[in-house]
Amino acid sequence: MLQPYNPNIIEKKWQAVWEKERAFATSNDYTRPKYYALVEFPYPSGQGLHVGHPRPYTALDVVARKRRMEGYNVLFPMGWDAFGLPTENYAIKNHIHPRIVTENNVKHFTDQLKMLGYSFDWDREVNTTDPKYYHWTQWIFLKLFKAGLAYKTKMPINWCPSCKVGLANEEVVDGCCERCGTPIYRKQQTQWMLKITAYADKLLDGLDLVDYPDRVKTSQRNWIGRSTGAEVDFALTGTEDKLRVFTTRPDTLFGATYMVMSPEHPAIAKYADRIENMDAVKAYQEEAAKKSDFERSELAKDKTGVELKGLTAVNPCTGKEIPIWISDYVLMSYGTGAIMAVPAHDTRDWEFAKVFGLPIIEVVAGGNVQEEAFTDVATGTMVNSGFLNGLEVEEAKKAIIAWLEEKGLGAPKVNYKLRDWVFSRQRYWGEPIPIVFCDKCGAVPLPEEELPLLLPEVDSYEPTDDGSSPLAKMTDWVNTTCPCCGGPAKRETDTMPQWAGSSWYYLRYTDPHNENCLADPEALKYWLPVDWYNGGMEHTTLHLLYSRFWHHFLYDIGAVPTIEPYQKRTSHGMILGEDGEKMSKSRGNVVNPDEVVAEYGADTLRAFEMFIGAFEQYAAWSTEGVKGCRRFLERVWKLQEMLKDGEEYSKEMETRMHQTIKKVSSDFESLKYNTALAALMALVNEFYRVKSVNRAEFKTFLLLLNPVAPHITEELWETAGFEGRCYNSRWPVYDEAKTVEDMVELALQVNGKMRGTISAARTADRETVLAAAKEALAGKLTGTIVKEIYVPGRIVNFVVKG
RNA sequence: GCGGGUGUGGCGGAACAGGUAGACGCAAGGGACUUAAAAUCCCUCGCCCUCACAGGCGUGCCGGUUCGAGUCCGGCCACCCGCACCA
């Protein structure tokens with residue numbers, strides 16, 4: 001009598017066996033071929049794992065398990081991105097130290113991940129809040145500082161009044177805090193910045209070296225936003241001064257009929273005495289300052305502005321005096337904060353000119369510039385442009401830049417949308433920034449021997465409204481001596497953002513316990529780059545970009561051996577609630593993996609997560625679908641009852657077995673987990689149809705299913721008495737020649753319409769097949785056959801007339 | 001506005017390289033087993049017409065290429081995501 005399938009028992013059993021056998025420990029034998037599979041380490045939140053986590057984890061666990069069976073030395077690690085606001089907020093509310101909160105959450109997450117049977121190498125677990133880890137986060141910061149890539153500056157930052165913290169541009173979504181949704185506003189504050197802009201070109205060029213999805217590459221490129229053009233100086237009438245602008249269309253310079261400055265442009269204050277309508281200008285400035293970024297971009301794109309009466313500029317090409325306006329459609333943060341307006345060939349300038357009745361002069365023929373701006377650069381010829389007349393746009397660009405350079409009026413210039421990275425947070429639960437401020441020596445880096453700079457114990461983690469960190473109240477800690485001159489100095493009290501620790505964690509996994517450097521160079525050389533990194537699309541312009549930046553920097557200082565950190569990147573689709581909406585507590589559609597495992601087992605959950613749909617697309621949870629996967633595993637379990645002897649595939653199964661090995665092997669490599677599982681289900685259906693599975697077939701089947709459902713396959717492997725363990729057996733191989741059937745069903749068509757099928761040998765010759773086809777279609781072939789098409793193994797088509 | 005993506009049964013989704021559309025799963029209907037139910041096993045399952053055979057229609061819409069189009073080309077439409085006055 002067959003025992004019923006009881007996942008709760010066998011899953012615990014095998015998890016214990018694997019742990020005892022150190023089944024998934026990474027080898028330190030650097031002569032073996034390596035494979036580094038990485039999933040984004042989670043933030044250990046208080047809610048625990050939700051069913052979204054297992055989708056990417058299972059997918060890469062499948063890859064990792066398959067690679068081990070193929071003989072690779074596999075690094076598949078897990079860790080904790082544990083600094084962060086929710087932990088700190090929870091700590092404040094419940095008066096528990098965030099360290100304790102983190103410990104508890106990590107424990108909970110670990111238990112949940114172990115329950116799901118992942119083949120992580122737990123000996124290599126890292127935790128960003130561990131001083132032994134953040135030692136090296138701080139070390140990298142010091143290197144950045146010494147390289148001039150970390151600097152402190154007073155600037156308007158994105159302030160979230162709810163989190164009481166400054167945010168990076170990447171953390172602002174629709175003008176609101178990415179985390180809590182509160183509208184942010186601009187606040188002047190001194191901030192640490194990282195000069196990611198210095199790496200803009202390297203980050204762009206590096207994309208050509210890696211295998212990322214196009215959508216990821218494209219959004220990184222757009223975010224960096226490189227644009228080439230020129231800077232041009234316009235003389236200010238009656239002064240020695242120039243007004244410098246950036247333009248991507250220097251070719252249209254003859255058509256510049258006015259200029260626009262950002263309301264924050266410093267020239268306004270400088271020439272206040274010349275500006276006749278200063279009251280109106282000031283009013284406009286105040287109006288613009290009051291608007292949040294959100295309002296400035298989202299609300300009415302209707303153009304507004306004020307002319308600076310009494311201040312004009314000179315078009316360097318035409319020599320004509322042109323007016324200067326201020327308008328909030330020109331941003332101080334991009335280019336020079338001022339533009340030359342060419343209404344005939346720029347949509348925004350055109351709209352502005354229409355509102356204020358400014359002249360529109362066509363300089364590129366090809367459109368009707370009184371009706372709309374003509375912005376096409378591919379067609380069109382220069383007109384009304386002096387020496388440029390008759391040139392194509394691209395030729396004109398070169399010519400005008402050469403002319404500007406010769407006259408000393410301008411030069412080629414590249415601009416980026418990318419801004420430097422706001423790197424300080426006014427909160428407690430983050431890495432302390434290892435810098436002290438000395439009246440004599442300025443900002444002084446801590447000596448590297450003094451790292452890690454430990455996060456001090458404080459009485460209150462409460463953030464302050466004035467924007468200073470909770471650490472600022474710790475005067476014992478804040479007051480220190482200058483490492484440089486020995487005089488009194490104060491410590492930096494802001495901490496690093498959560499993105500710091502995650503920017504290099506994949507390096508630490510290669511050598512997680514090293515106390516002398518961030519990781520042994522030999523280990524880095526062997527393991528890098530990460531072969532396959534899966535993570536969320538939401539990190540494309542955050543974590544993924546930040547960590548590439550750090551890696552490029554570390555490469556430049558010789559700390560890592562590769563230019564790029566990740567060779568291949570994939571992104572999973574989110575798991576939605578059963579209602580098709582994003583899972584959230586407020587909607588009440590959250591599915592808890594613990595309950596799914598308790599009711600159906602981890603193998604069922606894993607199988608369902610892989611079967612739920614195309615890996616890169618969103619998928620809605622389905623309780624019925626989960627049951628379907630459990631049903632499949634029950635059918636697998638009961639294959640034991642029809643198990644027959646046989647050390648080779650049976651005749652009737654042979655082709656099917658080879659086909660399935662081929663299909664599953666390639667699908668596991670190309671994110672098609674759903675169809676791999678479908679092929680395995682179909683194979684089981686076939687075993688049921690013939691009411692038989694022999695030992696050779698069963699063994700191969702177990703190996704193919706093992707990466708997805710490791711527990712049940714291990715149990716069946718043992719029960720069947722196969723040698724060793726399933727997890728460390730060799731991945732099955734197929735014979736290409738044996739994947740094709742000898743006899744095939746050919747589709748018969750008349751004028752491209754299906755009219756029947758015949759069975760024929762795959763290699764049957766044309767005459768034989770056409771004769772058989774005509775016989776089969778007797779009666780349906782009326783008229784004259786004008787063409788006969790035969791594609792061996794596929795189709796016969798007769799083209800008939802009359 | 002710019003960029004990216006998606007559109008196939010009642011549902012999730014398959015379809016190599018242009019070659020039998022709907023694999024696999026879910027739901028539904030029918031049958032077997034059972035005192036009964038659950039579970040399990042077997043059968044049916046795109047739409048229209050037909051008792052059945054045979055046929056007609058069908059992959060968002062319109063057109064094109066081809067012996068043959070879900071797949072290629074041109075033109076639209078809808079929805080989703082990202083960026084967004086970036087000069």
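For clarity, every value in this text was computed on a predicted model and none was experimentally measured.
In RNA chain B, runs of at least 3 stacked Watson-Crick or G-U pairs (N1-N3 plus N6-O4 or O6-N4, or N1-O2 plus O6-N3, all under 3.5 Å) give these stems: B:1-7 with B:77-83, B:10-12 with B:24-26, B:28-32 with B:40-44, B:46-48 with B:55-57, B:60-64 with B:72-76.
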Using distance only, find each side-chain donor-acceptor pair of residues 246-255 of chain A under 3.5 Å and give its atom names and separation, not counting sequence neighbours.
| residue | atom | partner | partner atom | Å |
| --- | --- | --- | --- | --- |
| A:Thr247 | OG1 | A:Arg249 | N | 2.9 |
| A:Arg249 | NE | A:Asp251 | OD1 | 3.2 |
| A:Arg249 | NE | A:Asp251 | OD2 | 3.2 |
| A:Arg249 | NH2 | A:Asp251 | OD2 | 3.0 |
| A:Thr252 | OG1 | A:Arg249 | O | 2.7 |

Between side-chain atoms of residues 663-670 of chain A and protein atoms elsewhere (two or more places apart, or another chain), which donor-acceptor pairs fall under 3.5 Å?
| residue | atom | partner | partner atom | Å |
| --- | --- | --- | --- | --- |
| A:Lys663 | NZ | A:Asp667 | OD2 | 3.1 |
| A:Ser665 | OG | A:Ile661 | O | 2.6 |
| A:Ser665 | OG | A:Trp731 | NE1 | 3.0 |
| A:Ser666 | OG | A:Lys662 | O | 3.3 |
| A:Ser666 | OG | A:Lys663 | O | 3.3 |
| A:Asp667 | OD2 | A:Thr675 | OG1 | 2.8 |
| A:Asp667 | OD2 | A:Ala676 | N | 3.3 |
| A:Glu669 | OE1 | A:Arg67 | NH2 | 2.8 |
| A:Glu669 | OE2 | A:Lys66 | NZ | 2.5 |
| A:Glu669 | OE2 | A:Arg67 | NH1 | 2.8 |
| A:Ser670 | OG | A:Ser666 | O | 2.9 |

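At a threshold of 4.0 angstrom between heavy atoms, the contacts of A:Arg755 are confined to the sugar-phosphate backbone, with no base atom among them. Among the atoms of the strands shown, only primed sugar atoms or phosphate atoms (P, OP1, OP2) are found under 4.0 Å from some heavy atom of A:Ser227.
Taking atom P in both B:G3 and B:A17, the straight-line distance is 28 Å, to the nearest Å. Atom name P, nucleotides B:G30 and B:A39: the rounded distance is 15 Å, in whole Å. Comparing B:U59 with B:A54, their P atoms are spaced 23 Å from each other, to the whole Å. Separation of the P atoms belonging to B:U20 and B:C72 is 16 Å when rounded to the nearest angstrom. Comparing B:G58 with B:G46, their C1' atoms are spaced 8 Å from each other, to the whole Å.
Evaluation of the ring-ring contact (aromatic ring centres under 6.0 Å, His included) rule for A:Tyr673 yields A:Phe615 as partners, not counting sequence neighbours. Under the ring-ring contact (aromatic ring centres under 6.0 Å, His included) criterion, A:Trp223 pairs with no residue, sequence neighbours left out.
At least one donor-acceptor pair closer than 3.5 Å links the side chain of A:Asn797 to the backbone N or O of A:Gly752.
Looking at the side chain of A:Lys753, the nearest of the listed nucleotides B:C67, B:C57, B:C85 is B:C57.
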Starting from the C-alpha separation in whole Å, work towards a yes-or-no answer on ring-ring contact (aromatic ring centres under 6.0 Å, His included) for A:Phe352 and A:Tyr258. CA-CA 10 Å; A:Phe352 192 84; A:Tyr258 64 99; 5.6 Å; yes
Can you give one letter per nucleotide of nucleotides 10-28 of chain B, going 5' to 3': B for a protein heavy atom under 4.0 Å from the base, S for sugar-phosphate only, - for none? --BSSSB--BBS-BBSSS-
